[in-house]
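Remarks on the structure that follows.
We name chains A, B, ... by the order of the sequence lines, and we start the count at 1 in each one.
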Amino acid sequence: MSDPSPIRAVKGMNDVLPDAMPRWHRLEAAFRETARRYGYGEVRTPLVEPTPLFVRSIGEATDIVSKEMYTFVDKGDDMLTLRPEGTASAVRAYVEHSVNGQEPVSKWYYLGPMFRRERPARGRYRQFWQAGLECFGDPGPQIDAEMIEMVVTLLSSLGVQDIEVLVNSLGSRETRGRYRETLRAFLQPHEARLSEESKQRLITNPLRILDSKSPTDQEICAGAPSILDLLDEADKKHFDELTQTLTALGTKFRVEPKLVRGLDYYSRTLFEIQGKGGELGAQNALCGGGRYDGLVKELGGPDVPSIGFAMGLERILLALPNEANVRSLDAVVVVTEPSMNVKAAVLLKSLRDAGLTAEGDLRGQSMKSQLRRAEKLGARTVIILGPAEEARGVVQLKDMRARHQEDVTHAEVIAAVRTRLAMDAPIDGATR
RNA sequence: GUGGCCGUAGCUCAGUUUGGUAGAGCACUGGAUUGUGGCUCCGGUUGUCGCGGGUUCGAGCCCCGUCGGUCACCCCA
């Protein structure tokens, strides 16, 4: 191999290096813990699925299916697709394992990468991480409210500020069909003034015109009929109870009749949480979800009502307050000369065997350099090995905070380090 | 996918106007302190100036292309 030109990561797909990982871990742990507290268990499904799964569930005409999927032909002629979202796979697994026959209500969560071939931008990537929930078997509306409330609780516990919860109801599929025609009839007279994109949408999907960002489109839509006025009695009751429950739970929200979202399978409850911090730019949808009562049946399963949501982890991370990335080590082993390296390696093993976090730099650097590095790594103590001490059967134990050091015998080193650590421990006694 | 802007050291950036020997701070490292960290001082290492082509005696700078990033649109998490 003589070509030195480096290979780069695929466009829109990113590495996360160890320094950035603590934020990810904190987010993932908070999500898992919250999900567990609300009764959700983790499900893991393949990253690759048969292409028809997404075409049938998300909808042929949607942007995701029509232009954003990574699809390829497997050896032979199977069409496979890298999952662009999580719900379809979860429903497939739910049906495939006949889970409905085992329990009336199933609450699942998932966490993993999704793939969409879009133009990358801040907060939008071709491989991105989503965490999501799916609840099968409960027609709501209390479970709908619970799910929304749970996300809000999660975000606020993470310190995400300035969010807004948008809620809407799409009603039944029939209602949606009727509304589509009503809206089209309303917009038709204004066609000439609509943006080019919206003229197209007037034919393909008039609902999408509602959330166009074109000022003229918005102006026209301001007077458009609301889908909430077309809901039938049952849908209306469902929506009213949802808003009542949210209010009772103390979750702030705004009813937004223009919220439509881009997946075909939604029915009744629809919601989105938007971040308002400047870090997010135009990618301000932190999470979105809704009810998909007909989907399980459409994918060959029983008629089970369901609701789910997903949040984009990269976006949450952008909205998360910055925190100092404090590193800490219990002990760093320093050698005065390379002849001590073997002894240092042995000492490091015994420190780690004792459950302590310990590091040593045995590349032959100067002591100044080794100590500077110990400082930078946040070492609480430094253990110095040198020939002079070795001759006396001791090591130097340095307390980095007190800037003080003393002789300690080999047998006492670990206990001495622990004593230093105990001095920092809170009164209620964090264990180590 | 469409349009705008930006790519100079590991990081943050100056240098581009008027083409003429690639710079600073941070970081890393050696020393001042014959084996001791946070401050200070002195020294040192690191660049295919994103990549390719063109114009020119000469290109980091001008032109074209391309890749990457970013902003808006589109859409979405």
Side-chain angles (χ1 to χ4, degrees), chain A residues 4-6 8-14 17 19 58 62-68 84-87 111-132 151 195-198 200-201 205 208-209 211-215 217 259-263 272-275 278 280-289 308-319 332 334-340 363-390 396-405:
Chain A
S5 70
R8 301 175 45 95
V10 174
K11 176 175 177 157
M13 304 199 182
N14 304 116
L17 268 20
D19 274 354
I58 300 170
T62 61
D63 283 27
I64 292 178
V65 170
S66 64
K67 51 192 187 199
E68 294 173 2
E85 57 108 40
T87 297
L111 181 60
M114 305 294 163
F115 304 84
R116 291 183 202 172
R117 201 179 185 294
E118 297 181 87
R119 176 106 163 219
R122 185 181 187 80
R124 176 167 65 188
Y125 307 102
R126 291 183 170 182
Q127 174 177 324
F128 62 102
W129 286 68
Q130 277 192 344
V151 191
S195 64
E196 287 310 309
E197 281 129 352
S198 287
Q200 194 57 42
R201 284 186 285 224
N205 193 352
R208 297 239 58 101
I209 300 174
D211 60 6
S212 164
K213 284 179 188 166
S214 149
D217 289 358
L259 179 67
V260 287
R261 308 186 57 74
L263 285 69
E272 178 170 311
I273 297 180
Q274 295 182 351
L280 288 160
Q283 273 68 51
N284 67 344
L286 292 177
C287 46
F309 98 99
M311 60 187 216
L313 300 194
E314 285 88 350
R315 288 186 189 176
I316 307 287
L317 254 14
L318 284 175
V332 162
V334 164
V335 293
T336 64
E337 54 179 70
S339 66
M340 306 306 295
R363 294 133 73 222
Q365 302 287 79
S366 70
M367 269 190 83
K368 179 190 184 115
S369 174
Q370 291 180 64
L371 281 163
R372 212 168 15 211
R373 184 155 174 75
E375 172 76 29
K376 203 151 280 181
L377 291 175
R380 183 64 183 83
T381 64
V382 163
I383 301 162
I384 300 168
L385 304 186
E389 290 79 2
E390 193 59 25
Q396 296 267 351
L397 179 68
K398 187 179 188 70
D399 184 320
M400 291 296 273
R401 200 160 309 162
R403 301 184 60 85
H404 162 268
Q405 72 185 54

Subject >> Inter-nucleotide P distance (B:U55, B:G47), Å rounded >> reply: 30 Å

Subject >> Interatomic distance, A:M340 CE vs B:U36 P [rounded to whole Å] >> reply: 16 Å

Subject >> Nucleotide nearest A:R124 (side chain, heavy atoms from C-beta), chosen from B:G1, B:G30, B:U36 >> reply: B:G1

Original post:
So do the side chains of A:D399 and A:T381 get within less than 4.5 Å of each other, counting heavy atoms only?
Top reply: no

Original post:
Can you name the residues that form a side chain to side chain donor-acceptor pair (under 3.5 Å) with A:R401, not counting sequence neighbours?
Top reply: A:D424

Close N or O pairs between protein and nucleotides 2-11 of chain B (under 3.5 Å):
residue	atom	partner	partner atom	Å
B:U2	O4	A:R119	NH1	3.1
B:G3	O6	A:R119	NH2	2.8

Original post:
Closest nucleotide of RNA chain B for A:G12 versus for A:R373: which of these residues is on the 5' side?
Top reply: A:R373

Original post:
If you check every side-chain atom of A:R122, which of B:G37, B:G35, B:C71 has the closest atom?
Top reply: B:C71

Original post:
Within this structure, what is the CD-to-P distance between A:Q370 and B:U33, rounded to whole angstrom?
Top reply: 20 Å

Original post:
Any salt bridge (Lys or Arg N to Asp or Glu O under 4.0 Å) pairs touching residues 365-376 of chain A, not counting sequence neighbours?
Top reply: none

**OP:** Find which nucleotide of RNA chain B each of A:P120 and A:E314 is nearest to by heavy atoms, and output the residue with the more 5' nucleotide.
**Re:** A:P120

Original post:
So what's B:G1 paired with, Watson-Crick or G-U wobble, going by both distances under 3.5 Å?
Top reply: B:C73

Original post:
When the P atoms of B:G54 and B:A59 are considered, how many whole Å apart are they?
Top reply: 12 Å

**OP:** Confirm from the modelled atom types if A:E68 and B:G1 form a donor-acceptor pair under 3.5 Å, side chain to base only.
**Re:** no

Subject >> Sequence-distant partners of A:Q405, side chain to side chain donor-acceptor pair (under 3.5 Å), two or more places apart >> reply: A:Q396, A:K398

**OP:** Would you mind reporting whether A:E272 and A:L259 have side-chain heavy atoms less than 4.5 Å apart?
**Re:** yes

Original post:
Which part of the nucleic acid, if any, lies within reach of A:G123 when heavy atoms closer than 4.0 Å are counted: base, sugar-phosphate only, or nothing?
Top reply: base

Original post:
So which nucleotide does B:G68 pair with, by the Watson-Crick or G-U wobble rule with both distances under 3.5 Å?
Top reply: B:C6

Subject >> Counterpart residues, side chain to side chain donor-acceptor pair (under 3.5 Å), relative to A:S212 (two or more places apart) >> reply: A:D217

**OP:** Provide the Watson-Crick or G-U wobble partner of B:A32, both distances under 3.5 Å; none if there is no partner.
**Re:** B:U40

**OP:** Identify which nucleotide among B:U36, B:C73, B:C71 has an atom closest to any side-chain atom of A:K213, counting heavy atoms from C-beta outward.
**Re:** B:C73

**OP:** Whole angstrom is fine here: how far is it from CZ in A:R372 over to P in B:A32?
**Re:** 13 Å

Original post:
What nucleotide, of B:G31, B:U36, B:C74, holds the atom closest to the side chain of A:S366?
Top reply: B:G31

Original post:
CG of A:N284 versus P of B:C71: gap in Å, rounded?
Top reply: 13 Å

Subject >> B:U16 versus B:C6 - spacing of their P atoms, nearest Å >> reply: 15 Å

**OP:** Have a look at A:K398 and say if it touches a base, only the backbone sugar-phosphate, or nothing, with a 4.0 Å heavy-atom cut-off.
**Re:** base

Subject >> Nucleotide paired to B:U48 in any strand shown, Watson-Crick or G-U, under 3.5 Å >> reply: none

Original post:
Which whole-number value in Å describes the distance from A:D211 CG to B:C76 P?
Top reply: 7 Å

Subject >> Value in whole Å for how far the C1' atom of B:C74 lies from NZ of A:K67 >> reply: 6 Å

Original post:
Between the side-chain atoms of A:Q405 and the base atoms of B:U36, is any donor-acceptor pair under 3.5 Å?
Top reply: yes

Subject >> Test side chain to side chain donor-acceptor pair (under 3.5 Å) applied to A:R126 - qualifying residues, sequence neighbours left out >> reply: none

Original post:
In whole Å, what separates the C1' atom of B:C73 from that of B:A27?
Top reply: 40 Å

Original post:
Nearest-Å distance, CZ (A:R126) to P (B:C76)?
Top reply: 17 Å

**OP:** For nucleotides B:C61 and B:C49, find the distance between their P atoms and express it as a whole number of Å.
**Re:** 10 Å

Subject >> Selection from B:G37, B:C28, B:C76 that lies nearest to any side-chain heavy atom of A:R116 >> reply: B:C76

Pairs: protein N or O with nucleotides 39-41 of chain B N or O, under 3.5 Å:
none

Original post:
To the nearest 0.5 Å, what is the distance between CD (A:Q130) and CD1 (A:I316)?
Top reply: 10.5 Å

Subject >> Min side-chain heavy-atom separation A:V334-A:I383 under 4.5 Å >> reply: no

**OP:** Give A:A374 one of three labels, base, sugar-phosphate or nothing, depending on what nucleic acid heavy atoms sit under 4.0 Å from its own.
**Re:** nothing

Subject >> Euclidean distance, atom CD of residue A:Q365 to atom C1' of B:U36 [Å, nearest integer] >> reply: 15 Å

Original post:
In terms of side-chain heavy atoms of A:T336, which of B:G30, B:G37, B:G35 is nearest?
Top reply: B:G35

Subject >> Integer angstrom distance from the C1' of B:A9 to that of B:G3 >> reply: 33 Å

**OP:** Report which part of the nucleic acid A:Q274 touches: base, sugar-phosphate, or nothing (heavy-atom distance under 4.0 Å, all strands).
**Re:** nothing

**OP:** Could you check if a side-chain atom of A:R122 sits within less than 4.5 angstrom of a side-chain atom of A:L318, using non-hydrogen atoms only?
**Re:** yes

**OP:** Pick base, sugar-phosphate or nothing for A:I384, based on heavy-atom distances below 4.0 Å to the nucleic acid.
**Re:** base

**OP:** Can you run down the salt bridge (Lys or Arg N to Asp or Glu O under 4.0 Å) pairs that involve residues 309-318 of chain A, sequence neighbours left out, and say none if there aren't any?
**Re:** none

Subject >> Qualifying residues under salt bridge (charged side-chain N to carboxylate O under 4.0 Å, His left out), relative to A:K213, sequence neighbours excluded >> reply: none

**OP:** Give a yes or no on whether the backbone of A:T62 and the side-chain of A:S66 come within a donor-acceptor separation of less than 3.5 Å.
**Re:** yes

**OP:** Determine the interatomic distance between P on B:C51 and the same-named atom on B:G60; round to the nearest Å.
**Re:** 11 Å

**OP:** Could you measure between the two P atoms, the one in B:U46 and the one in B:G23, and give it in whole Å?
**Re:** 12 Å

**OP:** Pick base, sugar-phosphate or nothing for A:A388, based on heavy-atom distances below 4.0 Å to the nucleic acid.
**Re:** base

